[in-house]
Amino acid sequence: MTTHSQGLSRFGIRSPKWIGIFLGLFFLSTTSGCVRLVSNVLYMIKGRDAPAEFNELQEKKVAVMVSSNGIHSSDASSMVLARNINMLLDNKVKKIKLIRQDEVDRMLQEQQFGRVDAGMIGSRLGADYVVDVNVSDLKLKEGKTLYKGRCNSSVTVYKVAESGSPVFRKVLPEFVYPQTGAPVTDFDESTFQRLYLMTLANRISRTFYPYDPATDVAEDAAVASAGAFQ
């Protein structure tokens with residue numbers, strides 16, 4: 001664990017508590033052991049995964065766009081979030097065919113600033129669906145001494161074959177993470193931003209596939225047990 005902790009410190013994670021949280025989240029995102037253990041307990045209580053709210057992306061060609069406050073641009077947060085969403089959909093949605101994000105970004109750059117026609121972009125990219133995510137009022141800090149990410153977000157799905165008309169829309173509740181905040185001495189800002197956007201991408205992406213609610217329980221458990229990494 002000392003070796004992992006030293007490695008994370010080089011990337012801006014300095015607090016032993018948050019080293020534990022980061023490693024816990026990374027472990028949960030790359031392995032299924034701990035999640036499966038909690039899942040088994042939850043299954044006995046609940047019996048099944050939460051269903052996908054929109055399950056028509058299977059075996060379809062999909063483009064993902066991310067806008068910030070309604071504007072599609074190549075800012076760092078939008079690019080990181082889009083790539084995280086692509087990665088999760090690719091891993092979780094059966095036989096989905098995702099259009100390369102650099103192709104989507106290039107198409108967006110050709111559009112008039114602030115005016116994006118999702119149906120037209122989807123048609124030019126040969127997509128069946130366009131998933132358009134909007135993030136607004138993104139903040140990473142609460143005051144000068146505490147990291148506490150928060151934002152509002154929505155997801156709209158356009159079906160290209162139906163003149164690019166929207167076929168699904170969801171407005172997500174404000175996402176605050178971590179609920180208790182983290183001192184700015186625990187992270188550098190770019191590292192905290194990546195952690196927040198990774199967690200946000202997970203909450204957005206699972207709109208499109210069944211997910212085990214135990215994942216949230218396991219993440220909370222990782223936070224609660226962070227002292228074990230100290």
Side-chain angles (χ1 to χ4, degrees), residues 29 46 48-138 150-175 177 196-213 215-216:
S29 69
K46 189 173 180 179
R48 61 182 179 182
D49 288 349
E53 297 177 60
F54 185 84
N55 62 0
E56 297 180 24
L57 300 187
Q58 295 185 24
E59 302 184 26
K60 296 298 191 297
K61 195 171 183 180
V62 178
V64 175
M65 307 189 307
V66 175
S67 62
S68 177
N69 296 309
I71 303 297
H72 294 83
S73 63
S74 298
D75 67 278
S77 294
S78 296
M79 293 174 66
V80 170
L81 185 58
R83 280 158 176 73
N84 285 341
I85 292 172
N86 270 274
M87 177 186 68
L88 288 163
L89 294 179
D90 189 44
N91 288 334
K92 299 290 187 178
V93 179
K94 182 179 179 181
K95 295 183 179 179
I96 191 172
K97 300 174 184 178
L98 288 158
I99 295 172
R100 287 170 53 94
Q101 198 58 42
D102 57 351
E103 294 182 28
V104 178
D105 292 340
R106 184 167 54 252
M107 188 70 64
L108 289 172
Q109 291 170 7
E110 295 175 0
Q111 307 306 303
Q112 184 178 346
F113 185 74
R115 297 177 62 87
V116 170
D117 184 329
M120 182 272 291
I121 288 178
S123 178
R124 290 181 62 182
L125 290 170
D128 299 306
Y129 289 95
V130 175
V131 175
D132 192 9
V133 175
N134 180 58
V135 175
S136 60
D137 303 317
L138 173 64
R150 64 173 67 239
C151 73
N152 297 304
S153 58
S154 64
V155 183
T156 305
V157 180
Y158 298 88
K159 189 170 185 178
V160 176
E162 296 182 5
S163 302
S165 59
V167 292
F168 174 84
R169 179 170 170 78
K170 176 183 179 181
V171 177
L172 286 79
E174 183 183 43
F175 180 60
Y177 182 85
Y196 179 80
L197 292 174
M198 178 173 64
T199 312
L200 175 63
N202 178 62
R203 300 301 171 93
I204 292 171
S205 300
R206 66 192 193 187
T207 300
F208 303 107
Y209 51 79
Y211 73 93
D212 189 343
T215 302
D216 294 343

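Treat the numbers as computed from the prediction; the structure is a model and nothing was measured.
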Is the F54 ring parallel, tilted or perpendicular to the F208 ring (thresholds 30°, 60°)? perpendicular
Mind listing the closest non-hydrogen atom pair of Y158 and G164 along with its distance? CD2-O, 3.1 Å
Once rounded to the nearest 0.5 Å, what's the spacing between atom NZ of K95 and atom CD of E59? 5.0 Å
Going by an N to O cut-off under 4.0 Å, is there a salt bridge joining R83 and D105? yes
Can you name the closest pair of heavy atoms from D75 and S78 and give their distance? OD1-OG, 2.7 Å
Out of curiosity, Q101 CD to N84 CG, how far, rounded to the nearest 0.5 Å? 10.5 Å
For the student: nearest non-hydrogen atoms of P166 and T156, plus distance: CB-CG2, 3.9 Å
Do D212 and D49 make a side-chain contact, defined as non-hydrogen atoms from C-beta onward lying under 4.5 Å apart? yes
Minimal non-hydrogen separation, N152 against D137, with atom names: ND2-OD2, 3.5 Å
Checking side-chain polar atoms at under 3.5 Å, does S67 have a donor or acceptor matched by the opposite partner on N134? yes
Pair H72-D132, side-chain contact (heavy atoms from CB on, under 4.5 Å): steps then yes or no: CA-CA 10 Å; H72 294 83; D132 192 9; 3.0 Å; yes
Is any side-chain heavy atom of V157 closer than 4.5 Å to one of K159? no
Looking only at non-hydrogen atoms, find the nearest pair between Y129 and K60 and report the distance. CE1-CG, 3.9 Å
Would the number of heavy atoms belonging to other residues, nucleotides or ligands and lying under 6.0 Å from CZ of R100 be above 12? no
So, do I85 and I204 sit near enough that their side-chain heavy atoms are less than 4.5 Å apart? yes
Roughly how far apart are M87 CE and K92 NZ, rounded to 0.5 Å? 10.0 Å
Residue list, side chain to side chain contact (heavy atoms under 4.5 Å, CB included) with V135, at least two apart or on another chain: L81, V133, L138, C151, S153, L200
Verdict with supporting geometry, L89 and L98, side-chain contact (heavy atoms from CB on, under 4.5 Å): CA-CA 8 Å; L89 294 179; L98 288 158; 4.1 Å; yes
L88/Y209 under side-chain contact (heavy atoms from CB on, under 4.5 Å): CA gap, chis, key distance, verdict: CA-CA 10 Å; L88 288 163; Y209 51 79; 4.1 Å; yes
Is K170 atom NZ crowded by more than 12 heavy atoms from other residues, nucleotides or ligands, each under 6.0 Å away? yes
Go through the steps for V104 and L125 under the test side-chain contact (heavy atoms from CB on, under 4.5 Å), then give the verdict. CA-CA 8 Å; V104 178; L125 290 170; 4.0 Å; yes
Taking every non-hydrogen atom, the tightest pair across E103 and I99: OE1-CG2, 3.8 Å
